[in-house]
Amino acid sequence: MRLLQSAAAVVMLLVSAAGIQTVRSGPAQAALPTAAVALGDSFISGEGAGNYQPVVDASGTAQAFPGWSAANSNAYFCHRSANASVFAASLPGIQQRFNLACSGAQPADIAAPSSARAEGRTVASQLDQLRAVARTHDIDVVLVGLGSNNTQFTFGDVATLCANRFIADAWTGWWEFWAYLKGEVPQRPCTASDLATDTEVAAATAETTAALRQILDTLDQIDADGVHQVILQTYTNPLPPDVAPQYYDEDGRTDTRDKFRALGAERYAAGCPIHRASLAPGHVFSQNLGQLVKNAFTTLAAERPAADLRVLDVQRAFDGARLCENPGSPAGALATPVRVQDGPSGTFITSLSGWDKIGIQRAANTCVTYFQTCQESWHPNAAGHTVLGQCLTGALAATPRAIVTCARNPDGTLTIS
């Protein structure tokens, strides 16, 4: 018997020396509950979809709505919505869902606290938040939306630029600039180079790819069973290629005339205060964001041939239901209209009819000082996130390592291919 025990001990020593792990017999460890996690920026967090939930800040305190005049750095203004697509999707086998995305998030916020950069929010890095989830859950699905905000450009700045040019053009005549302002304030439509140059898009692609690589590395380290699907979502433009004919002109004036207040008020009420000539460059910008995500996918798929990566291309998910695409906008649109407040009052201005340029400038300044009063503008609304949730459901059912396109048909149904 002693000889047998000694022999067994020798075998165990040899196994240990060879680096082979042995498993003690005993009760099986209980499986962790499965989870889906959303990471990234406003198009994933649910900005614009309402029903925002308290957000735990970097100190571990859950921040509920702090009031309209609070600092925009407050964690609550990550605007994590209970209506976000990660909650709207059908995810068979998933027991719990976590929204760790933050409105305005940039690639740097993946590995570093958002507060480490200018205009960031007081939340921990998204990877630290992901690690906390992995301690209690088996992460099986990860939805990521990154690229629209980076050190080169941000979606908010692009939207503000084009909307402000339109408003300035609509309410202020050229002679007023020279007589009172002693110079020209930009009023021309946006061009593609105004929004993002090729060089800027290339730099943003590199930033985004590096952040996505950090996510994949972390998942490999923390996922309980090492099996997870990662979906990289593109972006959808809230505005159409062209507005419906009823928004072309008002009082005989188009947006190519000097000073067109009635038309400006009409488009603002409909949710699309923008020059028609700015729409095509806006779609180039949106397409560039989509290509950015696809290029990052191509790079990472080549680096990690075994990873279950997918792209969810949603650029056409709102076809036929964008702001000002149909009469009666914003009703029936899948995106939120541009809206500002006159001071941090909580009351949104829905019509600019009768407003003068001084009052409009005051409301615009409110947006600058208290960005939360206007940050929902031009984002998917709750109905839009329901559509994006259906797109996500389709992406999970698709072949791994694929680019899945989700397009809205004229009858409102979706084609996912």
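A quick note: this is a predicted structure, and the numbers were derived from the prediction, not measured.
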(request) Identify the heavy atoms of S148 and D41 that sit nearest to each other, and give their distance. (result) OG-OD2, 3.0 Å
(request) List the atom of N381, the atom of A333, and the distance in Å for their closest heavy-atom pair. (result) ND2-O, 2.9 Å
(message) Looking at T393, is its backbone amide N or carbonyl O close enough to the side chain of S90 to form a donor-acceptor pair, meaning the two atoms are under 3.5 Å apart?
(response) no
(message) Looking only at the side chains, is there a donor atom on one of T191 and D194 sitting less than 3.5 Å from an acceptor on the other?
(response) yes
(request) Determine whether F166 and V338 make a side-chain contact, defined as any pair of heavy atoms from C-beta on separated by less than 4.5 Å. (result) no
(message) If I take atom CG from residue D57 and atom OG1 from residue T122, how far apart are they, to the nearest 0.5 angstrom?
(response) 5.0 Å
(message) Check this for me, if you would: do D217 and R304 make a salt bridge, where the nitrogen-to-carboxylate-oxygen distance has to be below 4.0 angstrom?
(response) yes
(message) With a sphere of 6.0 Å drawn around CD of E119, does it hold more than 12 non-hydrogen atoms of other residues, nucleotides or ligands?
(response) no
(message) Can you confirm whether or not the ring centre of F43 sits under 6.0 Å from the ring centre of F155?
(response) yes
(request) Show your reasoning for whether side-chain contact (heavy atoms from CB on, under 4.5 Å) applies to N288 and L195. (result) CA-CA 10 Å; N288 284 340; L195 307 184; over 6 Å; no
(message) Does either side chain, that of E47 or that of S103, offer a donor lying less than 3.5 Å from an acceptor on the other one?
(response) yes
(request) Go through the steps for L300 and T209 under the test side-chain contact (heavy atoms from CB on, under 4.5 Å), then give the verdict. (result) CA-CA 8 Å; L300 295 171; T209 304; 4.2 Å; yes
(message) Check this for me, if you would: do D255 and R276 make a salt bridge, where the nitrogen-to-carboxylate-oxygen distance has to be below 4.0 angstrom?
(response) no
(request) Could you tell me whether the side chain of Q229 reaches within less than 4.5 Å of the side chain of V141, counting heavy atoms only? (result) yes
(request) Check whether any side-chain heavy atom of F153 lies under 4.5 Å from a side-chain heavy atom of L161, and answer yes or no. (result) no
(request) State, without any angle test, whether N72 and Q372 hold a side-chain donor-acceptor pair at a distance under 3.5 Å. (result) yes
(request) Could you walk me through whether F348 and W68 pass ring-ring contact (aromatic ring centres under 6.0 Å, His included), step by step? (result) CA-CA 12 Å; F348 290 97; W68 289 106; 5.8 Å; yes
(request) For the pair F260 and H275, name the ring-plane relationship: parallel under 30°, tilted 30 to 60°, perpendicular over 60°. (result) perpendicular
(message) Is any side-chain heavy atom of T336 closer than 4.5 Å to one of P238?
(response) no
(message) Would the distance check show the side chain of S73 and the main-chain N or O of G120 forming a donor-acceptor pair, the cut-off being under 3.5 Å?
(response) no
(request) Mark yes or no for whether N237, through its side chain, and G282, through its backbone, hold a donor-acceptor pair below 3.5 Å. (result) yes
(message) Using a 3.5 Å distance criterion without hydrogens, assess whether the side chain of R408 forms a donor-acceptor pair with backbone atoms of D319.
(response) yes
(request) Give a yes or no answer on whether the side chain of Q341 reaches the backbone of G346 with a donor-acceptor pair at less than 3.5 Å. (result) yes
(request) Check whether any side-chain heavy atom of T136 lies under 4.5 Å from a side-chain heavy atom of L32, and answer yes or no. (result) no
(message) Do Q233 and V293 make a side-chain contact, defined as non-hydrogen atoms from C-beta onward lying under 4.5 Å apart?
(response) no
(message) Nearest 0.5 Å, please: how far is OG in S42 from NE2 in H379?
(response) 3.0 Å
(request) Kindly determine whether D109 and R117 satisfy salt bridge (charged side-chain N to carboxylate O under 4.0 Å, His left out), including the steps that lead there. (result) CA-CA 9 Å; D109 301 350; R117 61 172 178 82; 2.8 Å; yes
(message) Could you report the tightest heavy-atom contact between G389 and A89, atom names first, then the distance?
(response) O-CB, 3.3 Å
(message) Could you check whether any side-chain N or O of S69 sits under 3.5 Å from a backbone N or O of P344, counting only pairs where one atom can act as donor and the other as acceptor?
(response) no
(message) Using modelled atom types and a 3.5 Å cut-off, is there a donor and acceptor pairing between side-chain atoms of Y52 and backbone atoms of A82?
(response) no
(message) Measuring from atom CG of D157 to atom CG of N164, what distance do you get when rounded to the nearest 0.5 angstrom?
(response) 10.5 Å
(message) Donor-acceptor check, side chain of Q63 to backbone of Y76, threshold 3.5 angstrom: yes or no?
(response) no
(request) Evaluate the side chain to side chain donor-acceptor pair (under 3.5 Å) criterion for residues T415 and S417: first the C-alpha distance (whole Å), next the side-chain angles of each, then the deciding distance (0.1 Å), finally the verdict. (result) CA-CA 6 Å; T415 295; S417 58; over 6 Å; no
(request) Keeping the roles fixed (side chain from R401, backbone from A307), state whether a donor-acceptor pair exists under 3.5 Å. (result) yes
(request) Check the pair D220, H228 against side-chain contact (heavy atoms from CB on, under 4.5 Å), reporting the backbone distance first and the verdict last. (result) CA-CA 9 Å; D220 287 344; H228 42 262; 3.9 Å; yes
(request) Measure the shortest side-chain to side-chain distance between L39 and Q129 over non-hydrogen atoms and say whether it is less than 4.5 angstrom. (result) no
(message) Quick check for you: to the nearest 0.5 Å, what is the distance between F87 atom CZ and Q53 atom CD?
(response) 7.5 Å
(message) Check whether Y268 forms a cation-pi arrangement with R339 (NZ or CZ under 6.0 Å from the six-membered ring centre, at most 45° off the ring normal).
(response) yes
(request) List the atom of I349, the atom of A363, and the distance in Å for their closest heavy-atom pair. (result) CD1-CB, 3.9 Å
(request) State, to 0.1 Å, how close E200 and Q152 come at their nearest heavy-atom pair, and which atoms those are. (result) O-CG, 3.5 Å
(request) To the nearest 0.5 Å, tell me how far S45 OG sits from H385 NE2. (result) 7.0 Å
(message) Less than 4.5 Å apart, side chain to side chain, heavy atoms only: is that true for L219 and L130?
(response) yes
(request) Output yes when a side-chain donor or acceptor of R362 lies under 3.5 Å from a complementary backbone atom of D342, and no otherwise. (result) no
(request) Starting at CG of L292, measure out to OG1 of T205 and round the result to the nearest 0.5 Å. (result) 3.5 Å
(request) Please check if any side-chain donor atom of T254 sits under 3.5 Å from a side-chain acceptor atom of T256, or the reverse. (result) yes
(request) Report yes or no: do D140 and T34 form a side-chain donor-acceptor pair below 3.5 Å? (result) no
(request) Would you name the heavy atoms of C391 and L414 that are closest together and state the gap between them? (result) SG-CD1, 4.1 Å
(message) Working note: V340 + T373, criterion side-chain contact (heavy atoms from CB on, under 4.5 Å); need CA distance, chi angles, decisive distance, verdict.
(response) CA-CA 6 Å; V340 295; T373 61; 6.0 Å; no
